[in-house]
Amino acid sequence: GLGLGYIARLISLEEISRVSVATAMMLQVFALGIEPIIKFGTEEQKKKYLPALAKGERLASTAVTEATGGSDPTGIRTSYRKEGNDYILNGRKCFITNSHIADTITILAKDNENPKAFSTFILEKEMQGFKPTREEHKLGMRGCNTGELAIENCRVPGENLLGDEGKGMRVALSAIGDVGRGGMVGCALGLQAACLEASVKFANERILYGKPISNLQTIQNKLAEMKIDLEAGRLLGYRAAAIQDKGGRSSNEFAMAKYFTTEAAQKAAKMAVDIHGGYGCMEEYAVSRYLRDSFVLGPSAGTSDIMKVIIARWVLS
Ligand SMILES: Cc1cc2nc3c(=O)[nH]c(=O)nc-3n(C[C@H](O)[C@H](O)[C@H](O)COP(=O)(O)OP(=O)(O)OC[C@H]3O[C@@H](n4cnc5c(N)ncnc54)[C@H](O)[C@@H]3O)c2cc1C
């Protein structure tokens with residue numbers, strides 16, 4: 001709500017994620033739900049939705065993924081048909097962050113009569129025929145809510161169409177490319193920083209052979225690798241964010257940063273668990289949670305394979 005820009009958002013998410021990746025994830029998808037309204041909303045839509053969202057009175061999310069369409073969003077089956085001025089939506093979304101707590105959700109659906117045309121709609125939790133169903137129990141990031149949304153003959157007023165009819169794929173993907181991936185970079189950097197901090201603390205406290213294990217070169221190598229990856233990830237992420245703040249587009253740069261930082265977070269979490277020896281496998285030590293959380297960073301806002309597809313397409317173009 002403060003309009004601070006991409007770098008400030010990245011650093012804020014990183015700081016929150018150092019303590020709780022799950023909380024950062026919830027906030028990151030909150031912004032991802034708002035972004036399409038900021039970018040593609042009409043003045044009326046902005047006036048209607050943004051003040052309450054900016055004040056935190058209502059929570060947002062975005063729902064693209066379905067059982068038949070994740071990496072390939074054209075595979076989605078949620079459909080819409082026009083009835084007078086309204087649209088009737090039917091379908092099911094899965095793996096949606098904030099599914100059970102969001103009030104305002106931007107949803108991608110397919111034209112019932114033209115499977116190549118997609119549109120994005122603003123749905124509200126109060127709408128008849130729209131409700132959260134199954135809540136997922138994840139490997140990690142258990143502190144944030146992820147689940148399914150069922151949409152059954154949900155009547156959506158024409159004024160809730162976001163962007164032009166038939167151009168909804170652009171609305172959804174541009175938000176995921178900039179805000180979604182940028183946010184995941186913040187989450188991943190925070191987790192990397194948390195792994196490094198926990199490892200330094202443990203290495204200085206754990207005494208073996210009469211000395212802290214931070215004296216062992218193998219431990220030092222791991223700490224050095226974590227630090228290099230953290231700083232390299234920051235440079236990739238902050239640079240992508242700076243391009244956005246200057247009015248440019250940096251979806252490709254964010255794809256590189258997302259790939260690098262989420263992979264580095266997994267590597268850092270494994271090294272942190274290793275440094276902790278047997279303690280790393282015990283739930284009292286946060287590093288065991290970091291390892292579980294690190295695996296959940298991967299698919300969110302696009303898998304590492306998809307990041308490479310985007311980057312390769314960019315370098316080949
Ligand atoms: C914690 C969490 C939160 C999420 N939150 C949201 C949310 O709020 N809103 C939302 O809409 N979605 C959300 N998602 C869904 C997420 O975007 C998808 O999981 C992701 O896009 C991958 O889709 P999929 O799970 O269907 O995997 P699939 O697309 O089925 O992929 C399966 C495998 O195939 C690989 N693959 C697919 N295509 C290619 C290719 N072209 N080249 C090489 N390999 C390929 C993938 O990398 C993967 O290894 C969330 C997911 C998670 C885990």
Side-chain angles (χ1 to χ4, degrees), residues 1-39 41 49-65 93 95-107 122-125 132 135-136 138-147 149 172 174-195 233-234 237-238 240-241 244-245 254 257-258 261-262 265 286 289-290 292-302:
L2 299 175
L4 291 178
Y6 281 77
I7 292 189
R9 173 173 182 254
L10 192 51
I11 294 171
S12 309
L13 285 172
E14 183 182 327
E15 286 302 306
I16 294 164
S17 180
R18 268 173 70 190
V19 183
S20 166
V21 195
T23 306
M25 179 71 176
M26 186 190 87
L27 292 169
Q28 114 83 352
V29 178
F30 183 10
L32 179 57
I34 298 173
E35 179 70 4
I37 304 178
I38 296 175
K39 250 193 193 152
Y49 295 107
L50 294 183
L53 291 168
K55 282 185 211 150
E57 290 165 3
R58 286 178 76 83
L59 188 69
S61 183
T62 197
V64 173
T65 307
K93 297 285 177 186
F95 303 159
I96 306 307
T97 306
N98 301 337
S99 54
H100 288 59
I101 53 174
D103 306 282
T104 305
I105 307 191
T106 48
I107 290 217
I122 305 170
L123 267 65
E124 294 181 87
K125 72 168 183 208
E135 202 171 351
E136 301 294 349
K138 303 189 292 298
L139 166 70
M141 280 196 220
R142 292 180 181 161
C144 75
N145 157 241
T146 311
L149 295 168
S174 85
I176 292 172
D178 302 340
V179 173
R181 288 181 195 133
M184 291 316 297
V185 173
C187 295
L189 287 173
L191 187 59
Q192 284 177 256
C195 290
R234 280 180 175 148
Y238 296 173
Q244 290 284 143
D245 280 341
F254 271 134
K258 203 259 172 188
T261 56
T262 55
R289 170 166 59 86
Y290 298 163
R292 289 187 285 100
D293 287 349
S294 74
F295 278 88
V296 184
L297 290 170
S300 319

Any luck finding a side-chain donor-acceptor pair between [X] and [Y] under 3.5 Å?
{"X": "Tyr290", "Y": "Gln192", "result": "no"}
{"X": "Ser61", "Y": "Thr97", "result": "no"}
{"X": "Gln28", "Y": "Arg9", "result": "yes"}

Are [X] and [Y] close enough that some pair of their side-chain heavy atoms sits under 4.5 Å apart?
{"X": "Met141", "Y": "Leu297", "result": "yes"}
{"X": "Thr106", "Y": "Ile37", "result": "yes"}
{"X": "Arg58", "Y": "Glu124", "result": "yes"}
{"X": "Ile34", "Y": "Tyr49", "result": "no"}
{"X": "Lys93", "Y": "Thr65", "result": "no"}
{"X": "Lys39", "Y": "Asp178", "result": "yes"}

[X] side, atom [atom1]; [Y] side, atom [atom2] - distance, nearest 0.5 Å:
{"X": "Thr62", "Y": "Leu32", "atom1": "OG1", "atom2": "CG", "result": "5.0 Å"}
{"X": "Glu135", "Y": "Asn145", "atom1": "CD", "atom2": "CG", "result": "4.5 Å"}
{"X": "Leu59", "Y": "Leu27", "atom1": "CG", "atom2": "CG", "result": "8.5 Å"}
{"X": "Asp103", "Y": "Phe30", "atom1": "CG", "atom2": "CZ", "result": "8.5 Å"}
{"X": "Lys55", "Y": "Leu53", "atom1": "NZ", "atom2": "CG", "result": "10.5 Å"}
{"X": "Met184", "Y": "Thr261", "atom1": "CE", "atom2": "OG1", "result": "8.5 Å"}

Self-check item: Carboxylate-amine/guanidinium proximity below 4.0 Å for Arg142 and Asp293
Solution: no

Looking at [X] and [Y], would you say the former's side chain and the latter's main chain have a donor-acceptor pair under 3.5 Å?
{"X": "Lys258", "Y": "Ser300", "result": "yes"}
{"X": "Asp245", "Y": "Tyr6", "result": "yes"}
{"X": "Ser20", "Y": "Thr23", "result": "yes"}

Minimal heavy-atom distance between Ala102 and Lys125, with the atoms involved, is O-CB, 3.9 Å

